[in-house]
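Sequence lines set the chain letters: A, B, ... in the order given, protein chains first and strands last, and positions in each chain run from 1.
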2 protein chains.
Amino acid sequence: MYKPATIKDIAAALNLSPSTVSRALRDGYEISAETKKTVVAYAQSVNYKSNPNALGLKNKRSYSIGIVVPELANSFFSQAIAGIESVAYEKGYHTIISQTHDSTERESINVNHLANRSVDGLLISMSSGTTDYDFLTRLNKNGLPIVFFDRIIDEIDTFKVTSDNQSGAFKATGALVGMDCRRIALLASAPQLSITNERLAGYKEALSHHHIPFSESLVRYCYKGGSDYQEVEDALKELLANTDKPDAIFIGSDSISICCIRAIKNLGLDTGGIKIAGFSNSDVVDLLQPSIIYVRQRAFEMGKIAVEMLLKLIESRYPITEFETRVLDTELYCP
Amino acid sequence: MYKPATIKDIAAALNLSPSTVSRALRDGYEISAETKKTVVAYAQSVNYKSNPNALGLKNKRSYSIGIVVPELANSFFSQAIAGIESVAYEKGYHTIISQTHDSTERESINVNHLANRSVDGLLISMSSGTTDYDFLTRLNKNGLPIVFFDRIIDEIDTFKVTSDNQSGAFKATGALVGMDCRRIALLASAPQLSITNERLAGYKEALSHHHIPFSESLVRYCYKGGSDYQEVEDALKELLANTDKPDAIFIGSDSISICCIRAIKNLGLDTGGIKIAGFSNSDVVDLLQPSIIYVRQRAFEMGKIAVEMLLKLIESRYPITEFETRVLDTELYCP
DNA sequence: GTGAAAGCGCTAACAC
DNA sequence: GTGTTAGCGCTTTCAC
């Protein structure tokens, strides 16, 4: 079996002490330029890589980060995770991915497991039903760095990154208005979610911008955030049963968009007159029937930014007290 | 910051030595039943978890496994990874995921990086263009456990898990025949891939089963395995330009299926008379237009089985010489 | 049946 | 500017 070179090996080969080698490799200020050069060159030549276990043991760090998402096999999240991995990998961090399937219970269990596994930090996009954030607050207070992405919460003060959901919803709703729709229904995700409210706000903003009155009767929430098909189908049926039938529907999430299209197909609905717009990061959304106007988020980039924030938090030598919330813009596609 | 309990802590609290505690926790035969009980109970009560870094340092293991796939944000692979994670997580392993984008070069770079990062083992689904497996053979010979899933190779003798691609292709082609198609074209993935040849075999088998002659002119390969849209579009155009136009197309991969549907849409082709069937694990394939008959693989399960095999390899105390190849069945869906 | 001690690879006081 | 030493948490010989 291949045995990787250690600092000791290098030290022995170069007639130096291990500590000198260690310092040289990490560019310690006490080491002479010449020694550094020799050491670095030799380390290169034997393909030296620091042993993460030894480092972790010493520094009390695991060099692993926990990722908690509702669903891994969902376009948006798999794209975000691809972004996360691309940075984490490069910086020498492992990941542990866990899915909640939008269940609050699994979410808190998973988060606690991850914390016990001594991850160095946590990237999380909240489940749709969660309203009690104690389990996170406690861990965060105890020193576990957390960064929220996409589905963020106000209750914990830390780095966050999300999309400009309001403007995304504004653009999509506006596009529907531009197609002469006036009775635009909203099929929203769970009201606990940050993204739901931001998208609702964008929807309302567009209506008022175009002097269209807002009507509660045209809004339905899907509390399971699209993970429960039946809920979406029922909401859709209710909307269409309105005495004054909507002429367009704006859908507030990726999976609800899919469910809704499936419901239209399953119910054999004639949506000839009804225009549909929605958030979606599916790579085949342009091929779906009926076709929809869609808002796409910069998922990959969001993942990258989220880890970068987390690593800043983890690797900072001083406690950070100033937190930033990054908001990424969205793109509207009209087929 | 929360400080986890160590073996030392337990030893001190119970007036025992660390070694006794260690042995008791791992059910060492030398320890009296009573001591074991006390130790285990106390460890429970303080929520003791062994420190993976210390363990890894001692045992020269990283408790992490590398995953190499062509594309993370692809339905099949994200489902497989969900399966991998579900097992790995439970068994206390981290993962490092890397994508090749079907490039042989990135594949060998990534694999070598992972090996340098001292992963304990590797799960890999080969890139479409790879024909030289030296970089894998070498690592495997050096003791790195490897398990292949989905896109497997014959050249390395180890555990493998894949789908019954031949029977899947047989079923799909048969379904097309059942719809009165006789000139069935094949849009295949890269010929280097195991899955391509198995699916080709199933296609041929179905033809001969129904006494339909096989014709090379109805077969096109996509060497980029669907990651290059243009290649698929060109292949499709060629097939349709055949003097004797095909009345059906069977598509040998998920991403090529998507590309093909997109091409039909982009080219504004009238596919009224042409039936389409293909492999796909997309969760929205049933909503695509034109609709297709599709074969679905048990991706999640394949991921689970693959890690289980890998962990068996990693954790075995004796070198394993008998390797198994598991073949999972597929399901055919006719819309 | 239990304890003492060494060592995995690395870093950080503390010498010199 | 470089070396010595101790220790992170755990396992494992070797004593007793």
Problem - Close residues, residues 36-44 of chain A, relative to DNA chain C [heavy-atom separation under 4.0 Å] - result: none
Problem - Heavy-atom donor-acceptor pair, B:K36 side chain to B:G28 backbone, under 3.5 Å - result: yes
Completion exercise
Side-chain atoms of A:T20 come closest, of C:dG1, D:dT2, D:dG9, to D:dT2
Problem - All ring-ring contact (aromatic ring centres under 6.0 Å, His included) counterparts of B:Y63, not counting sequence neighbours - result: B:Y93
Exercise for the section: Output yes when at least one side-chain N/O atom of A:S17 is less than 4.0 Å from OP1 or OP2 of D:dT4, else no. Expected result: no
Exercise for the section: Identify, with sequence neighbours excluded, every residue that meets salt bridge (Lys or Arg N to Asp or Glu O under 4.0 Å) alongside A:R61. Expected result: A:D120
Fill in the blank from the handout: When the rotation axes relating C1' atoms of four end pairs to the next four are compared across the helix from C:dG1-D:dC16 to C:dC16-D:dG1, five pairs an end, they differ to 10° by 50°
Problem - Between D:dC10 (C1') and A:L57 (CG): distance, integer Å - result: 8 Å
Exercise for the section: Using the side chain to side chain donor-acceptor pair (under 3.5 Å) rule, collect all pairs that involve residues 66-84 of chain A, keeping only residues at least two apart or in two chains. Expected result: A:E71-A:H101, A:Q79-A:N281
Exercise for the section: State which residues pass side-chain contact (heavy atoms from CB on, under 4.5 Å) with B:N15; sequence neighbours excluded, sorted by chain then number. Expected result: none
Practice task
Under the salt bridge (Lys or Arg N to Asp or Glu O under 4.0 Å) rule, collect the residues that match up with A:K304, sequence neighbours excluded.
Solution key: none
Handout entry: A:T130: side chain to side chain donor-acceptor pair (under 3.5 Å) partners, not counting sequence neighbours
Key = A:T104, A:E107
Practice task
Indicate whether the side chain of A:E155 and that of A:T137 have a donor and an acceptor atom separated by less than 3.5 Å.
Solution key: no
Completion exercise
Atom OH of B:Y63 and atom P of D:dG9 are separated, to the nearest Å, by 17 Å
Exercise for the section: If a protein heavy atom is under 4.0 Å from the base, mark B; if only from the sugar-phosphate, S; if neither, -; do that for nucleotides 10-16 of chain C going 5' to 3'. Expected result: BBBB---
Handout entry: Separation of atom CG in A:L14 from atom P in D:dT2, rounded to whole Å
Key = 11 Å
Fill in the blank from the handout: Sequence neighbours excluded, the answer for side chain to side chain donor-acceptor pair (under 3.5 Å) partners of B:S227 is none
Completion exercise
B:S103 meets the side chain to side chain donor-acceptor pair (under 3.5 Å) criterion, sequence neighbours left out, with none
Practice task
Under the side chain to side chain donor-acceptor pair (under 3.5 Å) rule, collect the residues that match up with B:K58, sequence neighbours excluded.
Solution key: none
Practice task
May I have the distance from B:N53 (atom CG) to C:dG9 (atom C1'), rounded to whole angstrom?
Solution key: 11 Å
